[in-house]
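Notes follow the structure.
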Amino acid sequence: YQYPLMFGLILAFCWCSLVCCSRIYMGMHSILDVIAGFLYAILILAVFHPVVDLIDNFNLTYKYAPLIIISLHLALGIFSFTLDTWSTSRGDTAQILGCGAGVACGSHVNYILGLQLDPAPHALPLSLSSLTVTVFGKAILRLLIGVIVLLLTKVAMKRATIPLACKIFRVPHGDVRRARQRMEVELPYRYITYGMVGFSLMFLVPCLFHFIGLS
């Protein structure tokens with residue numbers, strides 16, 4: 001979409017500032033943590049930005065991309081779960097990895113089925129449509145339906161994966177909170193649950209919008 005550069009810069013700066021300040025305000029990170037994270041994000045951007053199109057093309061077109069994506073994210077999740085004590089960062093890491101894998105796999109399925117193709121180069125950049133009551137109403141309706149579907153997906157997968165993981169790894173599930181803190185339960189629970197949330201976001205919800213005429 002075509003939008004003023006200054007507007008984009010201001011929006012990015014405000015969003016970044018809110019995220020950084022909220023981590024300090026909530027006591028989750030120190031100022032040094034936030035600075036290190038910010039610099040690390042710049043490093044990641046500098047390394048991956050030149051090859052982002054290559055990676056995206058691989059994720060969309062390679063036949064075995066979903067298998068590689070899931071295996072890679074699982075390996076990263078297992079590697080990050082080697083802490084001696086329980087920490088919220090372990091669950092957050094599995095949640096992010098699972099959601100990323102689900103989004104990538106959903107994009108792959110969309111491409112293979114020809115459901116969401118990129119606009120033709122000559123049609124870019126897209127211009128923002130004028131805001132009308134109809135457009136605003138459809139946007140709100142899409143938001144509400146999408147959030148409800150994602151919440152239902154999360155609840156359903158959570159209720160299915162935790163007892164299943166406890167049964168497979170023989171973890172007592174009388175105290176669900178304590179069971180969720182076990183590595184062998186937390187990794188599959190978080191990964192599968194948020195993997196399905198990411199997949200629903202990219203594939204199931206857009207299909208639902210198309211079916212009910214909200215595309």
Side-chain angles (χ1 to χ4, degrees), residues 19 28-29 33 36-37 40-41 43-113 115-116 146 149-173 175-207:
V19 171
M28 299 300 292
H29 293 286
D33 291 336
Y40 186 49
L43 177 62
I44 293 176
L45 181 63
V47 172
F48 283 98
H49 185 267
V51 295
V52 67
D53 289 333
L54 182 64
I55 296 174
D56 186 54
N57 184 67
F58 171 82
N59 288 342
L60 294 178
T61 61
Y62 187 58
K63 183 178 180 180
Y64 300 106
L67 180 61
I68 295 175
I69 291 168
I70 293 174
S71 301
L72 178 61
H73 283 71
L74 274 176
L76 290 172
I78 294 173
F79 175 76
S80 67
F81 269 66
T82 56
L83 298 175
D84 295 331
T85 58
W86 180 82
S87 170
T88 56
S89 63
R90 299 195 312 183
D92 293 341
T93 301
Q95 181 174 321
I96 293 169
L97 291 172
C99 190
V103 167
C105 291
S107 300
H108 179 83
V109 173
N110 283 332
Y111 183 85
I112 295 300
L113 298 180
L115 299 179
Q116 288 186 350
V149 171
L150 295 181
L151 287 177
L152 290 176
T153 301
K154 176 186 173 182
V155 171
M157 295 307 300
K158 181 179 178 180
R159 290 187 175 181
T161 52
I162 293 179
L164 181 60
C166 289
K167 184 176 181 180
I168 292 175
F169 296 103
R170 299 179 180 178
V171 176
H173 59 276
D175 187 348
V176 177
R177 182 177 181 181
R178 183 177 296 274
R180 285 171 50 186
Q181 295 180 358
R182 295 282 295 271
M183 182 187 74
E184 56 269 34
V185 175
E186 190 171 30
L187 176 58
Y189 145 61
R190 293 270 192 167
Y191 190 88
I192 295 174
T193 297
Y194 288 95
M196 282 304 302
V197 169
F199 184 81
S200 299
L201 175 67
M202 294 302 297
F203 178 69
L204 297 180
V205 172
C207 286

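Throughout, numbering of the chain's residues begins at 1 and tracks the sequence. Worth knowing before you read on, the calculation uses all heavy atoms, side chains too, and leaves out hydrogens, waters and symmetry mates.
- Under the 30°/60° scheme for interplanar angles, the aromatic rings of Phe199 and Phe203 are found to be tilted.
- When every heavy atom of Met157 is checked against every heavy atom of Ile192, the shortest pair comes out as CE-CG2, 3.5 Å.
- Going from atom CD1 of Ile55 over to atom CD1 of Ile69 covers 10.5 Å, rounded to the nearest 0.5 Å.
- The line from OG1 of Thr153 to CG of Leu204 is 7.0 Å long, rounded to the nearest 0.5 Å.
- Note that OG1 of Thr61 and NE2 of His108 are 8.5 Å apart. Values are rounded to the nearest 0.5 Å.
- Panel note: side chain His73, backbone Gly98; no donor-acceptor pair is recorded below 3.5 Å.
- Around CZ of Phe48, the count of heavy atoms belonging to other residues, nucleotides or ligands within 6.0 Å does not exceed 12.
- Proximity of Val205 to Leu201: side-chain heavy atoms (C-beta onward) are nowhere separated by under 4.5 Å.
- Residues Ser107 and Asn59 form no side-chain contact, since every pair of their non-hydrogen atoms from C-beta on lies 4.5 Å or further apart.
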May I have the step-by-step check of side-chain contact (heavy atoms from CB on, under 4.5 Å) for Met196 and Lys154, ending in yes or no? CA-CA 8 Å; Met196 282 304 302; Lys154 176 186 173 182; over 6 Å; no

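- With Tyr111 contributing its side chain and Gly106 its backbone, the two residues share no donor-acceptor pair below 3.5 Å.
- Residue Tyr40 holds its OH atom at 14.5 Å from CG of Asp33, rounded to the nearest 0.5 Å.
- Nearest heavy atoms, Ser200 versus Pro206: O-CD, 3.8 Å.
- The shortest non-hydrogen separation linking Ile70 to Tyr191 is O-OH, 3.2 Å.
- Note that OG1 of Thr193 is 12.0 Å distant from CZ of Arg159, once rounded to the nearest 0.5 Å.
- The distance from the CG atom of Leu67 to the CG atom of Leu72 is 11.0 Å, given to the nearest 0.5 Å.
- Using a 4.5 Å heavy-atom cutoff, the side chains of Ile68 and Tyr62 are in contact.
- Residues Leu164 and Ile168 have side chains in contact (heavy-atom distance under 4.5 Å, counting atoms from C-beta outward).
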Might you work through the side-chain contact (heavy atoms from CB on, under 4.5 Å) test for Arg180 and Glu186, ending with a clear yes or no? CA-CA 5 Å; Arg180 285 171 50 186; Glu186 190 171 30; 5.7 Å; no

